[in-house]
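The structure appears right after this line, and notes come after that.
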Amino acid sequence: MQIVVVPIIPCNISPFPLRFKFIAGEAPFTFCIDDPLSRSKIDRMDDIPSDFIAIEEYQRAEREDEEFGLDHTEVDWQVDHPEFDPFHVTDQDGEPFKQYQAQFDVEEWYDVLKDETFPTDFVPISHDIARLIVDAATNAPLPDSDAMQSFRGDIEKRLRDGKFVIRLSSRSPKDAVEFSEKFKEILERKFSEISEDRNADDIAWYDAMMLAMPISSFEEAFHLLTTSMRVHRDLKRWLEFPIGPMNLLIRPWKYIHPSMEFRGFVHDGRLTAVSQYITVCFFPEILKRRDEIRQKIRKYFDEISPKIAKLYKSYVIDFAIDENDKIFVIEINPFWNKTGPALFDWENDRDVIFGNENSDFKLKIVEKEWLRKKDFSVNVRETFRNQKFQLIQDDENDENDENQV
C-alpha cells in the first residue's frame with residue numbers, strides 16, 4: 001500500500017500541533033503527532049520520525065471500517081436516513097458527519113435553553129471572514145477589507161464594559177489560551193503560591209486557563225481565533241461543508257472552578273451517567289460533596305429535560321456549578337463515540353451509558369489521587385519552567401467540545 005503524506009498546515013506554525021493527512025486511495029486519515037518530537041525540532045517533512053506511524057494508523061482505520069462495514073467511496077447517508085448510525089459515521093463521510101454535528105451547534109438549542117445557559121450574542125461569520133481567519137492562521141497578511149472592518153465593528157460594539165469569552169457555533173478557541181502571555185503570568189503566580197505537587201499543579205494549570213480565557217478587545221478575540229487549531233479545523237470544515245450558519249458567539253465571562261464541571265450522558269431521554277469533566281485531577285471537594293452534587297444534578301436535569309426533549313432524544317450535556325451553587329448548561333454535544341467520554345469509556349461502559357442497567361444514573365469521579373486519568377504527558381511545572389508551552393492534554397473530551405472553559 002502506498003502512503004502519501006500531505007501536511008495540512010505548515011510545520012513551522014506555532015502553536016498548532018503537527019498534523020498530517022495520510023492518504024491511501026480514496027480514504028484520507030488524519031493523524032496528529034503531538035509528542036514523538038518537539039514541534040521546535042520539526043521544520044521539514046524529512047523530520048517525520050517514521051512512515052510506520054502512518055501505515056499503522058491507516059491500517060487500524062481500515063480494520064475498523066471493515067468491521068463496521070463502511071465503504072467511504074460509496075457512503076451516501078443522510079442524517080434522517082432510517083439506517084443512519086452516528087457511531088459509525090466518520091469525518092471521511094463528509095456531509096452526513098457535518099449534518100449530524102451541526103444539529104448540536106449552539107444556535108440549535110439556545111432559544112430553548114437561554115434561561116439555563118450564558119447570555120449570548122451571535123455575530124455572523126461570512127465565508128469571506130472565515131477564509132481570512134484561516135489564512136491569517138498561516139501567517140498570511142490580514143487585509144484591511146470592508147468585510148473585516150464590518151466584522152471588527154460587530155464585535156467591538158458587543159464588548160461592553162466587563163470580561164467576555166468567545167467561541168464559534170461549534171467549539172471554543174480554548175486550546176489557544178495557554179499560549180497567551182496572560183496565561184503564563186497567571187500560572188507563574190499560582191505556582192509561586194503552592195508547593196510543588198503534580199495534582200495541585202494540574203489543578204493550577206486548569207484554573208489559570210479559566211482565568212486567562214476572558215477578552216475585552218477585538219485584538220484579543222482575533223488573536224484567539226487565528227491561533228486556535230480548533231477554530232482552524234472547524235472553519236475549514238465549514239467552508240468545505242457549509243451546513244447551517246457559522247457565528248462568533250460572545251458571552252459574559254463567569255468564573256467556574258475546574259472541579260465544578262460535569263459531563264452527562266442522556267440516552268432516549270434518560271440521564272444514564274455523569275462524570276467530572278476534568279479527568280486528570282483529584283478534587284477532594286467533589287468527593288466530600290458527592291451525594292449533594294448527585295442530588296443537585298438529578299433535580300436540575302429533571303427540570304430542564306422536558307425542554308431538551310423537544311430537540312433531542314440522546315445527547316451529551318455539560319453542566320457547571322458556580323460559586324453560588326447555581327447550575328448552568330455549558331453545551332450540548334452529539335451522543336456518539338467521537339464525543340469525549342470523560343471518566344467513562346464508550347465500549348467498556350456501554351451498558352451504563354446506554355442505560356441498560358436499572359439503577360439511577362452513575363456518577364463517576366476520581367476518588368483517589370493515584371486513580372486520576374494519566375493524560376498529562378509532561379510535568380506541567382517543569383514544562384512551565386522550560387517555557388515549552390505545548391498542549392498538555394489531547395483535548396480528549398470532544399472533537400466537538402464547545403466549552404466556555
Side-chain angles (χ1 to χ4, degrees), residues 100-122 164-174 206 210 213-214 230 244 247-279 286 289 292-336 339-344 353 361 363-365 397-405:
Y100 184 66
Q101 236 180 354
Q103 290 182 357
F104 296 86
D105 286 350
V106 177
E107 293 84 347
E108 300 299 316
W109 54 263
Y110 181 73
D111 286 343
V112 171
L113 292 176
K114 64 169 51 178
D115 294 333
E116 309 298 337
T117 192
F118 307 96
T120 304
D121 282 335
F122 296 84
F164 299 86
V165 293
I166 60 168
R167 52 163 295 164
L168 299 182
S169 301
S170 52
R171 293 191 289 180
S172 77
K174 64 181 181 180
Y206 277 106
M210 163 59 77
M213 180 70 76
R230 290 153 63 89
N247 291 298
L248 179 70
L249 280 57
I250 301 177
R251 293 171 154 183
W253 176 77
K254 187 176 185 63
Y255 177 75
I256 303 293
H257 190 270
S259 64
M260 291 293 108
E261 291 184 70
F262 300 90
R263 169 152 287 183
F265 299 81
V266 180
H267 185 254
D268 282 341
R270 178 185 166 205
L271 181 64
T272 59
V274 174
S275 167
Q276 68 181 64
Y277 185 83
I278 306 296
T279 62
I286 301 182
R289 298 180 59 191
E292 175 197 346
I293 289 171
R294 169 186 285 280
Q295 293 172 8
K296 288 181 71 69
I297 290 177
R298 164 52 66 196
K299 182 175 183 296
Y300 183 70
F301 179 78
D302 289 345
E303 291 172 355
I304 66 170
S305 58
K307 299 178 183 179
I308 305 176
K310 300 174 183 177
L311 301 174
Y312 314 113
K313 290 177 59 180
S314 299
Y315 50 93
V316 177
I317 184 169
D318 292 342
F319 305 102
I321 303 178
D322 71 9
E323 52 197 1
N324 297 315
D325 260 7
K326 179 176 174 56
I327 304 186
F328 296 88
V329 172
I330 299 177
E331 65 181 2
I332 299 179
N333 292 302
F335 187 88
W336 61 358
T339 297
L343 288 172
F344 292 97
I353 294 174
F361 75 87
L363 175 62
K364 200 167 188 178
I365 63 174
N397 270 348
D398 212 346
E399 173 73 8
N400 316 289
D401 259 2
E402 302 146 357
N403 289 21
Q404 176 187 354
V405 293

The side-chain contact (heavy atoms from CB on, under 4.5 Å) partners of P214 (sequence neighbours excluded) come to K163, W253

Quick test of your reading of the model: are K299 and E303 salt-bridged, counting only N-O distances below 4.0 Å?
yes

So does I353 get a backbone contact from the side chain of T272, meaning a donor-acceptor N/O pair under 3.5 Å?
yes

Tell me, do V316 and V266 make a side-chain contact under 4.5 Å, heavy atoms counted?
no

I want to check something: taking the side chain as every heavy atom from C-beta on, are Q103 and L311 in contact at a cut-off of under 4.5 Å?
no

A320 to I330 - nearest heavy-atom pair and separation:
CB-CD1, 3.7 Å

Checking D322 side chain against N324 main chain: does a donor-acceptor pair fall under 3.5 Å?
yes

N/O donor-acceptor pair under 3.5 Å between T339 side chain and P334 backbone:
yes

May I ask you to test the F104-N333 pair for a side-chain heavy-atom distance under 4.5 Å?
no

Give, for atom CD of E331 and atom CG of D105, the distance between the pair rounded to the nearest 0.5 Å.
10.5 Å

Would you sort out whether F319 and I304 count as a side-chain contact (heavy atoms from CB on, under 4.5 Å), showing the intermediate values?
CA-CA 12 Å; F319 305 102; I304 66 170; 4.3 Å; yes

State, to 0.1 Å, how close I327 and K296 come at their nearest heavy-atom pair, and which atoms those are.
CD1-O, 3.6 Å

Can you find a heavy atom in the side chain of L271 that is under 4.5 Å from one in the side chain of R298?
yes

If only atom types and distance count, is the side chain of K313 paired as donor or acceptor with the main-chain N or O of G269 below 3.5 Å?
no

Is there a donor-acceptor pair closer than 3.5 Å between any side-chain N or O of T120 and the backbone N or O of L249?
no

Do N247 and S169 come close enough that some side-chain heavy atom pair is under 4.5 Å?
yes

What verdict does the salt bridge (Lys or Arg N to Asp or Glu O under 4.0 Å) test give for R289 and D325, after you've listed the backbone C-alpha separation in whole Å, the side-chain angles of each residue and the deciding distance to 0.1 Å?
CA-CA 12 Å; R289 298 180 59 191; D325 260 7; 3.0 Å; yes

Is the shortest side-chain heavy-atom distance between K326 and I321 below 4.5 Å?
no

Apply ring pair (Phe, Tyr, Trp, His ring centres under 6.0 Å) to residues F122 and Y110 and explain how you reach the verdict.
CA-CA 11 Å; F122 296 84; Y110 181 73; 5.3 Å; yes

Residues E323, K254: salt bridge by 4.0 Å N-O rule
no

Taking the six-membered ring for Trp, is the centroid-to-centroid distance between F265 and F335 below 6.0 Å?
no

Interatomic spacing from CE in M260 to CZ in F328 - rounded to 0.5 Å
14.0 Å

Using only atom types and a distance under 3.5 Å, with no angle test, would you say the side chain of R294 pairs donor to acceptor with the backbone of F361?
yes

Please give me the minimum heavy-atom distance between E108 and A102, naming the atom from each residue.
CG-O, 3.3 Å

For I278 and P258, the nearest pair of non-hydrogen atoms, with its separation, is CG1-O, 3.6 Å

Sequence neighbours left out, cut at 3.5 Å: what donor-acceptor pairs do the side chains of residues 112-119 make with other protein atoms?
residue: E116; atom: OE1; partner: Y300; partner atom: OH; Å: 2.8
residue: E116; atom: OE2; partner: K307; partner atom: NZ; Å: 3.2
residue: T117; atom: OG1; partner: V329; partner atom: O; Å: 2.6

Interatomic distance, R167 atom CZ to R230 atom CZ [nearest 0.5 angstrom]:
8.5 Å

Do F262 and D318 touch side chain to side chain, with heavy atoms closer than 4.5 Å?
no

Approximate separation, where rounding is to 0.5 Å, of I286 CD1 and E292 CD
12.0 Å

Does the side chain of F164 reach to within under 4.5 Å of the side chain of R251, using non-hydrogen atoms?
no

With rounding to the nearest 0.5 Å, note down the distance linking OH in Y315 to CD1 in I308.
3.5 Å

Would you give the length of the straight line joining atom OH of Y206 to atom CD of E261, rounded to the nearest 0.5 angstrom?
10.0 Å

